[in-house]
Amino acid sequence: MSEVVALLLSGPLQSWGGHSRHTTRGTLTHPTKSGVVGLCAAALGRPRGCDLSDLAALRFGVRVDRPGTLLEDFHTISAASHGPLDPRAQRLPTSGGGRLKPGEGKVSRRQYLQDAVFVAALEATSEEGVDLVDVLQEALRRPRFPLYLGRRSCPPDRPVFLAGLGHTDLLGALECIEWHGGRPPNPWSHPREEEPPEGLPVVLEDERGEELLPDAPLPGPAFRRSFGDRPVRHTRVRVAEPTTGAHGAHSAFDGDGAMDLLAEGDG
């Protein structure tokens, strides 16, 4: 018994923290299990600090359809507030439990992936896990809480739910799902000429994997998250070019309709 739910993770910005510490907030080159589990928990309407052990028990894999490019944001945090006449309102809270003093500030460097597209998948092999995947599919179609790609400032630009697949394993699901990394055609030039690469990178959860990633969510109170190591292996898969359109799904940032109108008016 096996069932897989696949997610499409696409947006202008994504950020998947792996070894972020203090004022440097980096991102991995692919989504983390903890980040996708958190996204699924939001879709299910689970509050912060609730038990996520059932979601964490699902086997996780991700395919890189478009890697994107790295963006680093030089971010400043001021102690100023919207209540400049109230000194208490100016002392904004810090993650360490203290408060910034008026006149103080913090500087951080935060990394993002621009214009990236990933296909993530969660596999259930037990009866309880299959039931959870069934519920999760419906929740991803109609999420209870807003979904974001690693950070709250990174909303998806397409529906996150991609497919539910039965009678296949994690790698089989990532092989059979069509490529979503193509860009929409430009109405001012020739149609899109991109095709899927010969092999798309895949990161699979595997007990015999050659790398440990510290992104397995562990039980803990809200705002005091802890993570364990997860063994993964790296491989590549070949997939077909999509037959349902330029990149397999509508994007809120494509602007095809507006550009078509402009093209017609220009003629």
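In what follows, every heavy atom counts, from backbone to side chain, and hydrogens, waters and symmetry copies are set aside.
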Could you pull out the closest heavy-atom pair between [X] and [Y], with the gap in Å?
{"X": "Leu147", "Y": "Leu39", "result": "CD2-O, 3.5 Å"}
{"X": "Gln111", "Y": "Gly26", "result": "OE1-CA, 3.5 Å"}
{"X": "Pro146", "Y": "Ala42", "result": "O-CB, 4.0 Å"}
{"X": "Ala124", "Y": "Leu58", "result": "CB-CD2, 3.7 Å"}
{"X": "Pro31", "Y": "Val62", "result": "CD-CG2, 3.6 Å"}
{"X": "Gly199", "Y": "Arg236", "result": "O-NH1, 2.6 Å"}

[atom2] on [Y] to [atom1] on [X], rounded to 0.5 Å:
{"X": "Gln14", "Y": "Leu149", "atom1": "CD", "atom2": "CG", "result": "4.5 Å"}
{"X": "Arg25", "Y": "Asp73", "atom1": "CZ", "atom2": "CG", "result": "12.0 Å"}
{"X": "Leu70", "Y": "Thr29", "atom1": "CG", "atom2": "OG1", "result": "10.0 Å"}
{"X": "Leu52", "Y": "Asp54", "atom1": "CG", "atom2": "CG", "result": "7.5 Å"}

For [Y], is there any backbone N or O sitting under 3.5 Å from a side-chain donor or acceptor partner on [X]?
{"X": "Gln137", "Y": "Val5", "value": "no"}
{"X": "Arg63", "Y": "Ile177", "value": "yes"}
{"X": "Thr32", "Y": "Trp16", "value": "no"}

Is it possible for you to say whether [X] and [Y] belong to one hydrophobic cluster, with membership spreading through side-chain heavy-atom contacts below 4.5 Å?
{"X": "Leu8", "Y": "Leu13", "answer": "no"}
{"X": "Leu171", "Y": "Leu200", "answer": "yes"}
{"X": "Phe161", "Y": "Val37", "answer": "yes"}
{"X": "Trp179", "Y": "Leu170", "answer": "yes"}

Given side-chain contact (heavy atoms from CB on, under 4.5 Å), test Cys176 with Thr168 step by step and report yes or no.
-> CA-CA 10 Å; Cys176 73; Thr168 185; 5.7 Å; no

Just so I know, are the side chains of [X] and [Y] near enough to count as touching, which here means a heavy-atom distance under 4.5 Å?
{"X": "Val119", "Y": "Leu7", "answer": "no"}
{"X": "Val64", "Y": "Val202", "answer": "no"}
{"X": "Asp65", "Y": "Phe118", "answer": "no"}
{"X": "Glu138", "Y": "Val135", "answer": "no"}
{"X": "Val130", "Y": "Val133", "answer": "no"}
{"X": "Thr125", "Y": "Glu3", "answer": "no"}
{"X": "Leu132", "Y": "Glu128", "answer": "no"}
{"X": "Arg158", "Y": "Val117", "answer": "yes"}

Tabulate below the donor-acceptor pairs under 3.5 Å that side-chain atoms of residues 206-215 make, not counting sequence neighbours, or state none.
{"unit_1": "Asp206", "atom_1": "OD1", "unit_2": "Arg208", "atom_2": "N", "d": "2.8"}
{"unit_1": "Asp206", "atom_1": "OD2", "unit_2": "Arg233", "atom_2": "NE", "d": "2.7"}
{"unit_1": "Glu210", "atom_1": "OE2", "unit_2": "His234", "atom_2": "N", "d": "2.9"}
{"unit_1": "Glu211", "atom_1": "OE1", "unit_2": "His234", "atom_2": "NE2", "d": "2.5"}
{"unit_1": "Asp215", "atom_1": "OD1", "unit_2": "Arg230", "atom_2": "NE", "d": "2.8"}
{"unit_1": "Asp215", "atom_1": "OD1", "unit_2": "Arg230", "atom_2": "NH2", "d": "3.4"}
{"unit_1": "Asp215", "atom_1": "OD2", "unit_2": "Lys33", "atom_2": "N", "d": "2.9"}
{"unit_1": "Asp215", "atom_1": "OD2", "unit_2": "Arg230", "atom_2": "NH2", "d": "2.8"}

Are Arg66 and Asp115 within salt-bridge range, i.e. N to O under 4.0 Å?
-> yes

Any luck finding a side-chain donor-acceptor pair between Asp157 and Ser10 under 3.5 Å?
-> yes

Would you say the side-chain atoms of Ser108 and Arg110 include a donor-acceptor pair closer than 3.5 Å?
-> yes

Should Val36 and Leu55 be marked as a side-chain contact (heavy atoms from CB on, under 4.5 Å) after you check the CA-CA gap, both sets of side-chain angles, and the distance that decides it?
-> CA-CA 10 Å; Val36 174; Leu55 291 170; over 6 Å; no

Test the Arg151-Tyr112 pair against the cation-pi criterion, namely NZ or CZ under 6.0 angstrom from the six-membered ring centroid and within 45° of the ring axis.
->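 Judged by the rule (NZ or CZ under 6.0 Å from the ring centre, within 45° of its axis), Arg151 counts as positioned above Tyr112.
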
Other residues, nucleotides, ligands: >12 heavy atoms within 6.0 Å of Arg238 CZ =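 At most 12 heavy atoms, drawn from other residues, nucleotides or ligands, come within 6.0 Å of this atom.
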
With side-chain contact (heavy atoms from CB on, under 4.5 Å) as the test, would you mind laying out the steps for Glu123 and Ser2 before giving the verdict?
-> CA-CA 7 Å; Glu123 178 192 15; Ser2 178; 3.1 Å; yes

Pick from Leu113, Thr27, Leu71: which one makes a side chain to side chain contact (heavy atoms under 4.5 Å, CB included) with Ser15?
->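 Looking at Leu113, Thr27, Leu71, the match for Ser15 under the side chain to side chain contact (heavy atoms under 4.5 Å, CB included) is Thr27.
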
Val239 vs Glu178, side-chain contact (heavy atoms from CB on, under 4.5 Å): CA-CA, chis, key distance, verdict = CA-CA 6 Å; Val239 297; Glu178 62 186 21; over 6 Å; no

